[in-house]
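Working notes, structure below.
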There are 2 protein chains.
Amino acid sequence: MARVTIVEDDPLMREELIDILQKAGYEVAAIADFQDIVAQIATLAPDLVLLDINLPGQSGFEICKSLKSQGTGPILILTSRDKLQDELHGLDLGADDYLTKPCNRDRLLARIQNLLRRFEGRPGLINGGSFFLDPNTFTLYKGSQSIVLSANEGKILLTLVQHRPEIVSKSALRELLWGTDQYIDENALQVNLTRLRKTLRQLNLEDQIETIRGQGYRLRGR
Amino acid sequence: MARVTIVEDDPLMREELIDILQKAGYEVAAIADFQDIVAQIATLAPDLVLLDINLPGQSGFEICKSLKSQGTGPILILTSRDKLQDELHGLDLGADDYLTKPCNRDRLLARIQNLLRRFEGRPGLINGGSFFLDPNTFTLYKGSQSIVLSANEGKILLTLVQHRPEIVSKSALRELLWGTDQYIDENALQVNLTRLRKTLRQLNLEDQIETIRGQGYRLRGR
DNA sequence: TTTTTCCTTACGCCATTTGTAAGTGTTTCT
DNA sequence: AGAAACACTTACAAATGGCGTAAGGAAAAA
């Protein structure tokens, strides 16, 4: 069953949530120490985070923002305040859903289930700024379009994305493609880059890869 | 700006929604003819669908289900009924958010903006029950794994998904692969199905395709 | 201009995909 | 049980696409 992490400072409310979720069959973890919450959640690596807004110290909004910039799973914001402003703010920071407490038990479970389903099995796509890349198959997504890169093109683009916006040396790329830096025709890498750029052009992603003369390549953006 | 399609039968409500969204800068289209709604939406290809539940003829739930099996963008369900059951049902069918009307203007816009941001640039993957399928490249996702199907395997799986859980006749599949039903070696289709099943086994998706003797094939689930 | 670095295009080899063929297994009907 | 219809599997050859190699052109630096 899915793992859910609860971030809620009110002990009573926390226990009740734990109870509800456990009875629903979830593997529940609750944050007890309200310092370094983001790090704790990262370690727990839950499938979903149930996040209260009014917390001692760090605001729930901050946590939400931090988690989302790391590409975590779904976040369900839970707060006692019934202010519309909170909802707007929460959603604005990238929360995936929002509920006011006290909340209906069935509604809570339904929303959790829905969020989990929406994220379940969803590919761990890597955000490349103006596109997404599947690191397994090298399927490249932009808008409603998608194409599959060949193995070499995919490997190159993936490392460029992972190092964005830093420069990746030609030496590193040769190592990536052929396991070694030496005894490789200098031109082989060039050709592969030309091919990659040509493929990117199909999705209107021209001028994404920048050449740094004498040093290597880098991806624009960020 | 993003394109939004409104599906709402009450003219007053519809005009108000159109007004709100247009003033917010969206490119708005509204369904006027309430027949073949799904086909109309598919043609419009909006970035988001605002979907009322109580409609003349086809239920909003049906439309939601159909759209989701085609890999459309986000769907925001809008209904006057304040029944929890509706919400549960709507979310269960894969709607991405839910609001009861009359709804606050700012809240509506915030939810729309949030949905659009969450889906922006994200691939329109089709939910196949226990997997996801990219209809363009035929990249198949299950959990953290993914593989790219060959053209024939992809076409077959895609139509099976789109018709799930109904039976797809062999004749229809032959038409799909070769454009015609006649003069095709009966065996050719079999071979392609064997290959597809073998590929699916790589992702532990055995026994997904069921053979209905004398009629065709169908995908399990739903 | 000369030199260095990078880009582009074309060619041939190799792997993957696909239709064809042939044989085996399974269900249904008499 | 036997036969016929239907479905599945494996193997092989042609077509397709990816890849390294080669050679020449373009652009930047000296």
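So that the names make sense, note that chain A is the first sequence line, chain B the second, and so on, each numbered from 1.
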In whole Å, what is the span from the [atom1] atom of [X] to the [atom2] atom of [N]?
X	N	atom1	atom2	answer
A:Arg174	D:dT21	CZ	P	13 Å
A:Leu173	C:dC7	CG	P	12 Å
A:Ile156	C:dC7	CD1	C1'	14 Å
A:Leu177	D:dC19	CG	P	9 Å
A:Glu206	C:dC7	CD	C1'	17 Å

Looking at [X] and [Y], would you say the former's side chain and the latter's main chain have a donor-acceptor pair under 3.5 Å?
X	Y	answer
A:Lys170	A:Gly216	no
A:Lys142	A:Leu203	yes
A:Asp96	A:Leu76	no

query: With the sugar-phosphate defined as primed atoms, P, OP1 and OP2, and the base as all remaining atoms, what B/S/- string results for nucleotides 1-9 of chain D, 5' to 3', for protein heavy atoms under 4.0 Å?
result: ----BBBBB
task: Looking only at non-hydrogen atoms, find the nearest pair between B:Thr139 and B:Thr137 and report the distance.
output: OG1-OG1, 2.6 Å
- request: Give the minimum heavy-atom separation between B:Leu78 and B:Asp52, together with the two atoms involved.
  value: O-OD1, 2.9 Å
message: Is a donor from one side chain sitting under 3.5 angstrom from an acceptor on the other, for A:Asp134 and B:Tyr141?
response: yes
task: Check salt bridge (Lys or Arg N to Asp or Glu O under 4.0 Å) between B:Arg195 and all other residues, then give those that pass, not counting sequence neighbours.
output: none
Under 3.5 Å, which protein N or O atoms sit close to an N or O of nucleotides 16-18 of chain C? Give each pair with its distance.
residue: C:dT18; atom: OP1; partner: B:Ala151; partner atom: N; Å: 3.4
residue: C:dT18; atom: OP1; partner: B:Asn152; partner atom: N; Å: 3.3
residue: C:dT18; atom: OP2; partner: B:Ser150; partner atom: OG; Å: 2.6

- prompt: Between B:Asn192, B:Asp207, B:Thr211, which is the residue that forms a side-chain hydrogen bond (donor to acceptor under 3.5 Å, both in side chains) with B:Arg197?
  reply: B:Thr211
